[in-house]
Amino acid sequence: MKNLQAITKHFTTEGTVLTAFPYGSGHINDTYKVETTEPGCHNYILQRINHKIFKNVPGLMDNIDRVTRHIRMKLENTPGADPDRQGLTLIPTLDNKSFFQDPDGNYWRMYIFIEDNRSYDIVDTPEKAFEGGRMFGKFQSMIADLPGDPLHETIPDFHNIDIRLETLRKTIEIDPVGRASMVTAEVGFVWERAEEMVTILHLGQKGLIPQRITHNDTKFNNVLLDKNDKGLCVIDLDTVMPGYVHYDYGDSIRTSTNTGAEDDPDLSKVELDIRLFEAYTKGFLQETRSTLTPTELEHLPLAGKLFPYIIGVRFLTDYIDGDNYFKIKHEHHNLQRARAQFKLLTSMERQFGEMEAVVKRYRG
Ligand code: ADP
Ligand code: GN1
Ligand code: MG
């Protein structure tokens, strides 16, 4: 707490810091809520950026600075909008930088804390799923005209499934902690589907679908809803960079349509709820439909299947590797996560015809 308080002193915050405590359920950064005493002053989010994973933090912060300013400019020109709540606001350091580096080499940033928000790890109503779809769709259209150079690629080849599969293969070969023989069923599940799952990447590589600016981490808890469960703000901008529309649509389908938890130990709870799929798709396409090409639209249902697959592959790889990437809460957590993702994919495979029919209905 004392340390955290010392870190906040490097930023141009208003008010007196009362407390700072761990906050949220992200798997990557260390996030704290900072509360101030004065009623009129903002509270803040303080984050230690995971620089083992994000190797170019100045580049990443340059992306976030540009994207948040662009969105603020749009909100300021929208009658009735509230730029401090509908967009993330970075708090500059005393020397007017977007991040502070401490003597140990850790990188820190601060945002205004968006009050009265709701964030959900599991979505339970079509209304919430619709709001998530609308918000991520709108986010993509708001940043489509970002001026200037292309954004930095904060994690190179982040959703490149060819490379993710190659990393899995190599990790099995090295088998650093002797776990490979325990997961042969899961590994077999992965190879059986590999050919289908490279489709979107290969269409992109051939130039048959366009590169856009995408969020790339559209987990449902990365959109904040307000106290009436209406869309408020898209957060977690570390991976905003060039990508395909399928990456944003797919990762949020993975997290907004699952009736169980991302890491549910009870696989019978993990199913795709087609009503949630329909609502999310309706919201997302309402905001993006007019800009998407026929080939992009045609491959949206496959994007739904791609994300439990690709994230499942990453959880499985991390398990075999000895848990070096995702934060874990117990010994076999990454395996439990991978199994839940593969169960979700199986449920999607069973309902794929219905998923295609839904996309057809809303693509116009
Ligand atoms: P991670 O990359 O580790 O997921 P996030 O940026 O998503 O980190 O932050 C973790 C959690 O902190 C979010 O899920 C959300 O609950 C909360 N959070 C992040 N930024 C804000 C903000 N500006 N206002 C309110 N809550 C926030
Ligand atoms: C991580 O940062 P967070 O917790 O929102 C990960 C995503 C995964 C997700 C799985 C930079 O997201 O790619 O889909 O965990 N982010 C990064 O829950 O690797
Ligand atoms: Mg997050």
Side-chain angles (χ1 to χ4, degrees), residues 20-35 42-55 57 60-61 63-64 68 71 83-91 108-122 132 136 153-161 164 167 214-227 232-241 243 247-248 250-256 258 261-264 306-318 324-329 333-334 336-338 340-341 344:
F21 51 89
Y23 192 82
S25 58
H27 297 342
I28 305 295
N29 296 314
D30 294 330
T31 301
Y32 305 89
K33 181 176 179 189
V34 175
E35 292 186 344
H42 287 297
N43 294 316
Y44 300 95
I45 281 284
L46 172 68
Q47 285 181 316
R48 186 166 71 106
I49 303 162
N50 188 327
H51 64 274
K52 219 175 108 193
I53 288 178
F54 297 107
K55 303 225 159 43
V57 175
L60 174 152
M61 289 308 299
N63 283 0
I64 295 185
T68 52
I71 290 176
D84 281 355
R85 284 174 61 71
Q86 291 174 266
L88 282 175
T89 311
L90 278 170
I91 305 298
W108 299 85
R109 70 172 166 231
M110 280 184 99
Y111 290 115
I112 292 179
F113 183 87
I114 298 168
E115 303 288 344
D116 294 326
N117 76 73
R118 306 277 179 273
S119 123
Y120 296 95
D121 291 335
I122 300 183
F136 281 125
E153 210 181 346
T154 59
I155 300 184
D157 296 311
F158 188 48
H159 291 314
N160 183 319
I161 186 60
R164 294 290 182 190
T167 307
T214 47
H215 181 287
N216 295 302
D217 190 1
T218 55
K219 204 154 108 167
F220 197 85
N221 68 17
N222 285 333
V223 60
L224 302 180
L225 304 185
D226 69 13
K227 58 178 188 284
L232 189 55
C233 182
V234 168
I235 62 166
D236 204 347
L237 306 181
D238 296 326
T239 52
V240 178
M241 58 182 158
Y247 294 165
D248 282 1
D251 205 15
S252 42
I253 289 301
R254 175 180 80 83
T255 47
S256 63
N258 186 354
E262 177 181 68
D263 59 349
D264 217 309
L306 176 61
F307 271 72
Y309 182 80
I310 198 166
I311 307 297
V313 166
R314 290 174 57 198
F315 286 147
L316 183 61
T317 306
D318 199 30
N324 294 307
Y325 188 95
F326 295 103
K327 290 183 186 173
I328 52 165
K329 296 207 172 110
H333 201 173
N334 271 318
Q336 183 180 312
R337 287 170 170 153
Q341 293 303 301
L344 179 63

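Note that ligands are numbered from 1 as they come in the structure, with each ligand's atoms numbered from 1 the same way. Nothing fancy with the numbering, it's 1 onward along the sequence.
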TODO: Run through Asp84, Asn43, Leu88 and flag the one making a side chain to side chain contact (heavy atoms under 4.5 Å, CB included) with Ile112.
DONE: Asp84
Got an N/O contact under 3.5 Å between [X] and ligand 2?
{"X": "His159", "result": "no"}
{"X": "Thr239", "result": "no"}
{"X": "Arg314", "result": "yes"}

Classify the contact between [X] and ligand 2 as side chain, backbone, both or neither, using a heavy-atom distance cut-off of under 4.0 Å.
{"X": "Asn222", "answer": "side chain"}
{"X": "Phe220", "answer": "neither"}
{"X": "Ile53", "answer": "neither"}
{"X": "Arg254", "answer": "side chain"}
{"X": "Phe54", "answer": "side chain"}

Task: Metal site the Mg ion (ligand 3): N/O/S of Ser25 inside 2.8 Å - done: no
Open item on the list: Please determine whether Asp217 has a backbone or side-chain N, O or S atom lying under 2.8 Å from the Mg ion (ligand 3).
Closed with: no
Open item on the list: For Thr89, state whether at least one heavy atom is located under 4.0 Å from any atom of ligand 1.
Closed with: no
Open item on the list: Using heavy atoms and a 4.0 Å limit, tell me yes or no: is Gln47 in contact with ligand 1?
Closed with: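 Heavy atoms of Gln47 do come under 4.0 Å of ligand 1.
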Task: Exercise: do Asn29 and Asn50 side chains pair donor with acceptor under 3.5 Å - done: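 The answer is no; no qualifying pair exists.
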Task: Criterion side chain to side chain donor-acceptor pair (under 3.5 Å) on Thr214 and Asn216, from CA distance to verdict - done: CA-CA 6 Å; Thr214 47; Asn216 295 302; 3.2 Å; yes
Any N/O of [X] closer than 3.5 Å to an N/O of ligand 1?
{"X": "Ser25", "answer": "no"}
{"X": "Ile114", "answer": "yes"}
{"X": "Asp236", "answer": "yes"}
{"X": "Arg109", "answer": "no"}
{"X": "Tyr23", "answer": "no"}
{"X": "Gly26", "answer": "no"}

So which heavy atom in the protein is nearest [atom], and how far is it from that ligand atom?
{"atom": "atom 18 (O) of ligand 2", "result": "Glu262 OE2, 2.6 Å"}
{"atom": "atom 12 (O) of ligand 2", "result": "Asp217 OD2, 3.2 Å"}
{"atom": "atom 9 (C) of ligand 2", "result": "Lys219 NZ, 3.7 Å"}
{"atom": "atom 15 (O) of ligand 2", "result": "His27 CD2, 3.5 Å"}
{"atom": "atom 2 (O) of ligand 2", "result": "Ile28 CG1, 3.2 Å"}
{"atom": "atom 19 (O) of ligand 2", "result": "Tyr325 OH, 2.5 Å"}
{"atom": "atom 23 (N) of ligand 1", "result": "Ile112 O, 3.1 Å"}

- [ ] For Asp238 and ligand 2, answer yes if some heavy atom of the residue is under 4.0 Å from a ligand atom, otherwise no.
- [x] no
Open item on the list: Under 4.0 Å, counting heavy atoms only: does Phe158 come that close to any atom of ligand 2?
Closed with: yes
Open item on the list: Given Asn222, which partner from the list Thr255, Asp251, Asp236, Thr239 fulfils the side chain to side chain donor-acceptor pair (under 3.5 Å) test?
Closed with: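 When side chain to side chain donor-acceptor pair (under 3.5 Å) is applied between Asn222 and each of Thr255, Asp251, Asp236, Thr239, only Asp236 qualifies.
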- [ ] Please work out which of Ile45, Asn29, Asp121, Leu232 has its closest non-hydrogen atom nearest to atom 21 (C) of ligand 1.
- [x] Ile45
Task: From Asn222, Ile235, Leu46 - option closest to atom 19 (C) of ligand 1 by heavy atom - done: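 Selected option, by shortest heavy-atom distance: Ile235.
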Open item on the list: Under a 4.0 angstrom heavy-atom cut-off, which atoms of ligand 2 come close to Asp236?
Closed with: 2 (O), 3 (P), 5 (O)
Inspect the contact between [Y] and [X] and indicate whether a charged nitrogen and a carboxylate oxygen are less than 4.0 angstrom apart.
{"X": "Arg109", "Y": "Asp238", "answer": "yes"}
{"X": "Arg254", "Y": "Glu262", "answer": "yes"}
{"X": "Asp318", "Y": "Lys327", "answer": "no"}

- [ ] Could you list the atoms of ligand 1 found under 4.0 angstrom from a heavy atom of Leu88?
- [x] 23 (N)
Open item on the list: If the cut-off is 4.0 Å to any non-hydrogen atom of Thr31, which atoms of ligand 1 fall inside it?
Closed with: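 Atoms satisfying the 4.0 Å criterion: 8 (O), 9 (O), 10 (C), 12 (O).
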